Undergrad: 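This is the structure I want to talk about, given as structure tokens.
Worth saying up front: this structure is predicted, and the values here are computed from it rather than measured. Chain identifiers are assigned alphabetically (A, B, ...) following the order of the sequence lines, protein sequences preceding nucleic acid strands; residue numbering begins at 1 within each chain.
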Amino acid sequence: MPELPEVETIVNDLKKKVIGRKIKSVWFDAPKLIKKPKPVIFVKEMRGLKIENIKRRAKNILIYLSAGKLLLVHQKMTGHLLYGQWRVQNKKPISSLRGVMQEKVNNYIHIIFYLDNGWQLALSDLRKFAKVILGSQREIENLAELKKLGPEPLEKGFNFRKFQQALCGKKGKIKQVLMDQSVISGIGNIYSDEILWLAKIHPFRPVNQLKNLELKKIFHFIKEVLKKAVKLRGTSISDFRDPEGKSGHYATRLYVYRREGEKCPRCKNAIKRLKMGGRSAHFCPHCQKL
DNA sequence: ACTAGCCCCTGGGAGC
DNA sequence: TGCTCCCAGGGGCTAG
């Protein structure tokens with residue numbers, strides 16, 4: 001599901017709701033989502049910890065806890081961190097009281113953190129790709145998957161020079177490179193399509209053949225698209241939801257993503273979809289020449 | 001040391 | 001209506 005803007009939205013919302021809260025207990029029904037430590041230990045270790053801070057790194061959510069602990073949550077394709085109140089009945093959470101009501105994301109809750117104010121932080125995930133890892137702050141921050149991440153595109157220090165450096169020596173198609181988390185953090189399939197359409201660059205162009213001017217355009221639209229999407233609280237194509245179960249508003253702004261066959265908003269030619277490494281690239285063959 | 005491809009899952013939508 | 005096939009915003013692992 002989520003790329004940078006969606007994760008950013010979730011983190012900002014959760015900060016307001018759960019910082020300072022204590023975790024009273026943990027419920028789960030999908031042990032495989034808990035990568036470390038073993039689920040039984042995980043539950044025991046989480047109990048009594050206080051949520052001190054929440055940060056985003058790439059598409060990861062980092063929940064800083066008391067006792068120097070850190071919880072990493074990656075939502076992958078269909079994961080959602082939700083804030084609400086549910087009852088567990090027949091070993092499945094059901095919607096109740098306040099929070100997310102009658103949303104389909106409710107049906108897939110697999111982990112619930114019970115907070116000391118009566119509310120809950122829950123992880124729902126239809127496809128069960130999501131993962132949580134608990135460890136010491138040091139341990140988590142040193143995980144290879146975090147250490148290898150490229151720069152954050154919305155950070156002030158991320159200027160054109162840093163962008164060039166990140167791409168330096170890279171091979172392959174520009175779309176794939178933009179989505180490579182070790183090059184730049186947080187861009188996925190939706191926003192890479194949108195960025196490249198705005199920059200008028202064909203997604204299959206080899207990155208090492210792009211001219212300086214073209215790179216500048218891409219750089220410019222990375223910032224512009226991501227900022228706008230954060231402002232609009234992300235894109236809800238199928239099931240992205242914020243912690244209260246509400247949709248984001250960027251979907252209406254999408255120019256090419258999932259618009260195969262529709263008219264290009266610029267030139268009115270038909271938008272095309274091509275497979276690239278198991279994923280779809282959407283683009284306008286007229287505006288974005290190979 | 002690379003990269004393409006498979007895989008982890010479940011459901012929605014299109015086409016027949 | 002129901003079956004089959006393809007699709008899905010991520011990313012780790014493996015085989016070549």
Undergrad: Any side-chain heavy-atom pair from A:Asn60 and A:Val73 closer than 4.5 angstrom?
TA: no
Undergrad: Take the protein atom OH of A:Tyr191 and the nucleotide atom P of C:dA8, then report the distance between them rounded to whole Å.
TA: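 The distance from OH of A:Tyr191 to P of C:dA8 comes to 17 Å, rounded to the nearest Å.
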Undergrad: Using the C1' atom as the point on both nucleotides, what is the distance between C:dT4 and B:dC8, in whole Å?
TA: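 My reading of the C1' atoms in B:dC8 and C:dT4 gives 22 Å.
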Undergrad: Please state whether the rings of A:Phe158 and A:Phe219 are parallel, tilted or perpendicular, taking 30° and 60° as the class boundaries.
TA: tilted
Undergrad: In dot-bracket notation, what is the pairing pattern of DNA chain B, taking Watson-Crick (N1-N3 plus N6-O4 or O6-N4) and G-U wobble (N1-O2 and O6-N3) contacts under 3.5 Å, with [ ] crossing and | for other strands?
TA: .|||||||.|||||||
Undergrad: Taking 5' to 3' order, which nucleotide of DNA chain B is first and which is last to have an atom within less than 4.0 Å of a heavy atom in chain A?
TA: B:dC8 to B:dG11
Undergrad: Could you measure between the two P atoms, the one in C:dC3 and the one in B:dC9, and give it in whole Å?
TA: 24 Å
Undergrad: Do you know which of A:Lys16, A:Arg233, A:Lys17 makes salt bridge (charged side-chain N to carboxylate O under 4.0 Å, His left out) with A:Glu244?
TA: A:Lys17
Undergrad: Closest nucleotide of DNA chain C for A:Ala58 versus for A:His282: which of these residues is on the 5' side?
TA: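 Comparing both residues, the 5'-ward one is A:His282.
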Undergrad: So does A:Lys200 have more than 12 non-hydrogen atoms from other groups sitting under 6.0 Å from NZ?
TA: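 It does not: A:Lys200 NZ has 12 such atoms or fewer within range.
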Undergrad: Checking side-chain contact (heavy atoms from CB on, under 4.5 Å) between A:Leu178 and each of A:Val183, A:Ile218, A:Ile201, which is the one that passes?
TA: A:Ile218
Undergrad: Please state how far atom CD1 in A:Ile61 lies from atom P in C:dG11, giving the value in whole angstrom units.
TA: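 Atom-to-atom, A:Ile61 to C:dG11, this comes out as 12 Å.
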Undergrad: Does the side chain of A:Asp242 come under 3.5 Å of the side chain of A:Thr9 through a donor N or O and an acceptor N or O?
TA: no
Undergrad: When the ring planes of A:Phe160 and A:Phe163 are compared, do they come out parallel, tilted or perpendicular, using 30° and 60° as the limits?
TA: tilted
Undergrad: So what does A:Tyr108 hit on the nucleic acid, given a heavy-atom distance under 4.0 Å: a base, only sugar-phosphate, or nothing?
TA: sugar-phosphate
Undergrad: Using whole Å, report how far NZ of A:Lys76 lies from C1' of C:dC13.
TA: 11 Å
Undergrad: Other residues, nucleotides and ligands only: do more than 12 of their heavy atoms fall within 6.0 Å of NZ on A:Lys22?
TA: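 It does not: A:Lys22 NZ has 12 such atoms or fewer within range.
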Undergrad: Between A:Lys275 and A:Met179, which is nearer to the 5' end of DNA chain C once each is assigned its nearest nucleotide?
TA: A:Lys275
Undergrad: Between A:Glu6 and A:Tyr191, do the side chains contain a donor N or O and an acceptor N or O under 3.5 Å apart?
TA: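 Distance-only check passes for A:Tyr191 and A:Glu6.
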Undergrad: Can you confirm whether the side chains of A:Lys175 and A:Asn189 place a donor and an acceptor under 3.5 Å from each other?
TA: yes
Undergrad: If you look at every strand shown and take non-hydrogen atoms under 4.0 Å, does A:Gly188 touch a base, only sugar-phosphate, or nothing?
TA: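 It contacts sugar-phosphate atoms only.
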Undergrad: Expressed in angstrom and rounded to an integer, what is the separation of A:Met276 atom CE from C:dG11 atom P?
TA: 17 Å
Undergrad: Tell me which residues in residues 122-143 of chain A lie within less than 4.0 Å of DNA chain B, going by non-hydrogen atoms.
TA: A:Leu126, A:Arg127, A:Lys128, A:Phe129
Undergrad: Taking any heavy-atom pair under 4.0 Å as a contact, classify A:Lys35: base, sugar-phosphate, or nothing.
TA: nothing
Undergrad: Any luck finding a side-chain donor-acceptor pair between A:Asn212 and A:Gln164 under 3.5 Å?
TA: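 Result is yes, a qualifying pair exists.
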